[in-house]
Amino acid sequence: MSEHLPVIVVLAPLFGAVIVGFFGTRDRHLCFPIALTALALSFVCSIGVVHHVATVGAWDYFVGGWESPHGVGIQLRADGVNSLLLLAIAVVALLALVYSIRQDGEKDAEKSPFFYVLFLLLCVGLFGITITGDAFNVYVLIEITALTSYGLVAIGSSRRSRVAAFQYLVIGTVGASFYLIGVGYLYLAVGSLNMADIRTILAANPEIANSRIIGTALVFILLGVWTKMGLFPLHGWLPNAYSYCPSGSANLMAPLVTKVSVYVMIRILFGVFGLGVITENPGWSDLVVLIAVGSIVAGSVMALTQREIKKMLCCLIVAEVGYMVGGTWLGDAGRWGLTGSMYHILADAMMTSCLFLAAGVFAKQFGATRLEHLSGLFRRSPWAAGAFTLGGLAMIGVPPMCGFFSKFYLIRGAIDSGHWLYIVALLGSSLVNAILFFRIFEIAYFGEVPESSESSEGGCPTRGRHAAWRTAPLLVAAALTLLLGIFNRPVIDLIRGTVVENIDIVSMQE
Amino acid sequence: MENSIQSYLPLWACLSSLAAVPLILLFRRETFLREAVTILAGIAKLCFVLAMLPIILQGSMIELTLFGGGSDGLVPIAFRVDGLGMVFALVASILWIPTSIYSIGYMRGLKEHSQTRFYVFFAVSLFATLGVAFAGNLLTLYVFYEVLSLSTWPLVTHHQDAEARRGGRSYLVHLLGTSIAFVIPAMIYVWVKSGTLDFGVQAILANTDLSYVQGLALLLAFAFGFSKGALMPLHSWLPGAMVAPTPVSALLHAVAVVKVGVFCIIRTVLNVFGMDLLGGLGIHLVLCWIAAITLVAASLIALTQDNLKRMLAFSTIGQLSYIILGIALLTEHAALGSILHIAMHAFGKITLFFCAGAIFVATGKKQISELNGLGRRMPITFAAFAIGAASVTGLPPMGGFLSKLYLVWGAAEAHQIALLCAFLISSVLNGAYFFPVVYRAFFLPEPEMDAIHADGACCVHGWREAPLLCVLPLAFTAISSILLFFFPSTFYDLASIVLHGGVANP
Amino acid sequence: MMEWIKTTIVPHFNFWIYVVIMMLGLWAAIGKNNLIKKLIGLSIFQTAILLLYVSMGVKEGASIPIVDETMGEAAVDFMAQGGGAAGATAFPINPDLFANPLPHVLMLTAIVVGVATLGVALALCQVIFRDFGTLEEPEILNQIQTIQDDV
């Protein structure tokens, strides 16, 4: 059993989705326990995978026992980074699931069996993208993720959510298709879809690796994943899609979908093309770092203009994506930046999860969707406000929250490689985040408690026991944001192992 | 020297106040238990610090590295207790106990709201203060520095009114803004340059080839980035932070927070650059002059203030620059005086703040011009005020005299006559803004009787003192200021350990 | 000019056709106002990619990649040994004789994905039409801006 852990992580929510679809439609009360069991199984298995990777090393698993890389077998590969990302996905998904527990008497669409089916299938996609070692498989799983996301965005009661979902669908499909074209060119040039196999072939044949077709493949793949992660200027779909969808969906998608796309980019760059594409084309790498800087600046500026909580957080996602893309492209001298990027994927998943859970709690409990609605929050809901504060501090990058340590390593990489503009953008974005969040803290701390504070989303006040169900995952997310920062060392160690491993492959090529 | 001992004592010393937080929250309805927990935590913290004192006095060091150590170039969270850290930790942990007692009297006397929140964040800020004192590398120092900035924000803005909002905003812009914008890049640049951030016997940058411009940029980034040290022009948060309740101003803005600022600057000078490098490049003079201008200007501004706490705030800005100037002179006696002044000024200034708070609790008065004749009603408070003022001014037989003596001696040693004059002029000005207050209180006639402001005021012999719990701490700190003149040996020894153990330049 | 067409376009005409079709689709998907027209464009765009992959696997004179008895004695042995590496020694497979099946298989998946996307998109269009009474994007955006729509 234990040798099949990597595939169980993916399969558990898949079967969970089927079972929910079968039984949940008959008895709605079964949906939540089934989904919880499936994700808990994934969670336990991903802990097992992390443990294995930490003690033994990277784990290659061949689905169905088809070992030949030239065959049709699909390889799963867990290393230091993606095993941790699996765990992060499982944790964030569990928190989002507990948040969306169906309560008696509620009629929200986001509590229907379909919601749980889509929820679990989205998890399948995310787990799969993270762990698979097959370039085409990534495409299929990206589309699984995307299709379920469209559904989860559209499931909301707001009319805007349907339009946002449609726009997301068009752009998302174009993005995924670009990725598919890129993989097509890659296959044309190399004749394999297995990432590790392509890597070996490219390393052994520099004339293929430096050919124009590989360059074209890279450009298309990057365009595809950048669209998916919402990098400026391809971010247009992101704020609408994540802010108009129901909070149950946003809690899952906003923290994870962009982060997993960033991971795909890192995986394709280092696991398929190799560090060479960055070091040998300094002009292009600098351009990408510049785009990342643009993303950071644009995200921060857009966030400053927003008065809606969720929209503001969505704009910050664009900025955070810039952090990670920039850190990845710092090149050979900026290896610390790569470490920082990988760590930031985890850190950002946790803190975005915390902030979106908080935004969801505020919306449900106080009907607070705009900044000015948060007045007197620390008195009305001290726990939720405290958790939101921790998330906000992590976003600013205040130690000992996790956001600080990723910035620490990113800046180290940027200084090493001399990307001063990127450093300015990172620090500037920290300061902008400080303004954004302390603006909220001030409203929440100094503002008076409004008279009618009992209204809520959909007009039915839900307090007491129900509120506790929503606040509990928020508190856990906040605690994890803090703990991931305090105990950053073991995480960084695991990531460093992977970075070194990737760099070994590069040195083999040279 | 370098015999270092592995021990968890510094961690326990830090955590003892953090551990009090859940208990304080638990007892939020039982005010007596809540305050008992605070005081017990303070005693526990002091015990842990005292347990380390003999080890440090023998010339050893205590080290502790958490989470896997500093292999392959990573920077761990590490603690390292040396003489300098010990001076600061000792001052902060000794003064927390009287401050806790004082805050009970003050907060109850004024029936403040949200007292639980107040005690919680007070405990967290003490945790961070000791963390800074015992930090073993620049990263750890920075981590605790930021925790301190944030945990004191709710204390500064305790009143939650418009004025608190303004003060709090300026507090954050100055403290958080500068530390993100200046300290993070400077710290990481140091890491890139030298490959380590650990404080050791040798300064971090000692063997690097910094140019004059690089060195100056780094030094200024640290000096202004650690803006808790309130160097002009980044000083205006401190008067703004006076909107806080007085116990906060007393411990945090006379001792913990501002001293963390100068402590970080001293660490930068001694352990990041090293005296040799700074002296070799000659960049210390820039810092000297910034500090000198600050200390004269702050004293002059203090002369013009009528609000007692604002006057004390500007006085603090000036005294902090004494410490910075002392260390930046790079001579042995100036450095000694600088380290001693951390302790001496702390005891003197906290007394003054306690007095300002006691006056407010007893009479509701905040302005200096309203204090006429109050000395006859509140003799203990104003006697303590006089002692504290004398100590901060630098008159014998108060502790402040010793540290200022060494500072002046050090300036003479460095042949910086202009800076020596700055010390002397500023000390005269100190006297000029403090003693009119004492004079008013004791020798001018009282206008008319006010209604008693606070409950539980002790009225003996026609005295209208503040509650006992306010008066006892200020008497204690005032007496300590005098005792420090006669028994300065602990702090003196610790300071000489810093200079002879950690600094190569005699 | 003719020379350029002969050396660049003719030998790779499948790629040129795919690029042209793809651009047409992309233009419609992004530039058209009507949501259904957008979807048509999107489908054309996806189909162009199918063309790229399928044309990749084609070889002149090659047949479907199935070994059967008509290929002679060796092929029967090959099948008897269950194919794979062991069988390949008996019956060395000449890759030129067979079309590459993998791209086709991949495109089966891509077609399914495309159909699913189209299905979801059409469902969304239906809901949008019910909500807004139109499928023209500018009108929908107009309505969103004028009508206060509480989340």
Side-chain angles (χ1 to χ4, degrees), chain A residues 68 70-72 135-137 139-140 142-144 146-151 153-154 156-174 176-181 183-185 187-188 191-193 220 240 243-247 308 310-311 363 367 369-370 457-459, chain C residues 15 18-19 22 25-26 29-30 32 35 38-39 41-43 45-57 84-85 95 100-103 105-107 109-110 112-114 116-121 123-132 135 137 140-141 143-145 147 149-151:
Chain A
S68 159
H70 292 286
V72 288
F136 185 79
N137 208 222
Y139 165 73
V140 177
I142 282 181
E143 283 288 30
I144 290 178
L147 282 170
T148 47
S149 311
Y150 310 144
V153 172
S157 49
S158 148
R159 292 199 296 173
R160 287 181 170 197
S161 65
R162 280 65 178 262
V163 182
F166 189 86
Q167 287 167 339
Y168 183 19
L169 183 142
V170 172
I171 298 175
T173 306
V174 171
S177 301
F178 274 142
Y179 177 85
L180 183 61
I181 296 171
V183 171
Y185 282 120
Y187 183 71
L188 260 182
S192 174
L193 289 169
F220 272 111
N240 282 338
S243 50
Y244 294 130
C245 66
S247 48
E308 265 174 73
K310 273 193 189 169
K311 272 227 166 150
T369 52
R370 299 173 65 78
E457 195 176 318
Chain C
F15 292 117
Y18 125 79
V19 168
M22 185 177 85
L26 194 59
I30 292 171
K32 286 287 171 188
L35 298 189
K38 270 177 184 290
L39 287 186
L42 207 59
S43 291
F45 179 66
Q46 286 180 308
T47 312
I49 300 168
L50 304 186
L51 193 61
L52 165 73
Y53 269 81
V54 170
S55 64
M56 227 187 265
N100 184 349
L102 192 62
V105 177
L106 299 181
M107 282 314 102
T109 319
V112 173
V113 168
T117 313
L118 196 61
V120 173
L124 278 174
C125 281
Q126 220 172 17
V127 183
I128 290 173
F129 188 75
R130 213 173 52 204
D131 283 348
F132 295 91
L135 283 175
E137 202 175 24
I140 295 170
L141 295 180
Q143 283 193 34
I144 284 181
Q145 271 176 356
I147 301 165
D149 190 323
D150 48 349
V151 181

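All chains are named by letter (A, B, ...) in the order of the sequence lines, taking the proteins before the strands, and each is independently numbered beginning at 1.
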Name the option with the most non-hydrogen atom pairs under 4.5 Å to chain A; the candidates are I140(C), L42(C), V112(C), L141(C). L42(C)
I'd like to know which of I144(A), V170(A), V140(A), I181(A) tops the heavy-atom pair count under 4.5 Å against chain C. I181(A)
Minimum heavy-atom separation for F166(A) and L35(C), please, with both atom names. CE2-CD2, 3.5 Å
Taking side chain as C-beta onward, heavy atoms only, is Y53(C) less than 4.5 Å from V183(A)? yes
Side chain, backbone, both or neither: which part of T109(C) has a heavy atom under 4.5 Å from chain A? side chain
In terms of heavy-atom pairs under 4.5 Å with chain A, the winner among C125(C), A121(C), A29(C) is A121(C)
Close side-chain approach of Y187(A) and L106(C), heavy atoms under 4.5 Å: no
Can you name the ring-ring contact (aromatic ring centres under 6.0 Å, His included) partners of Y150(A), sequence neighbours left out? Y168(A)
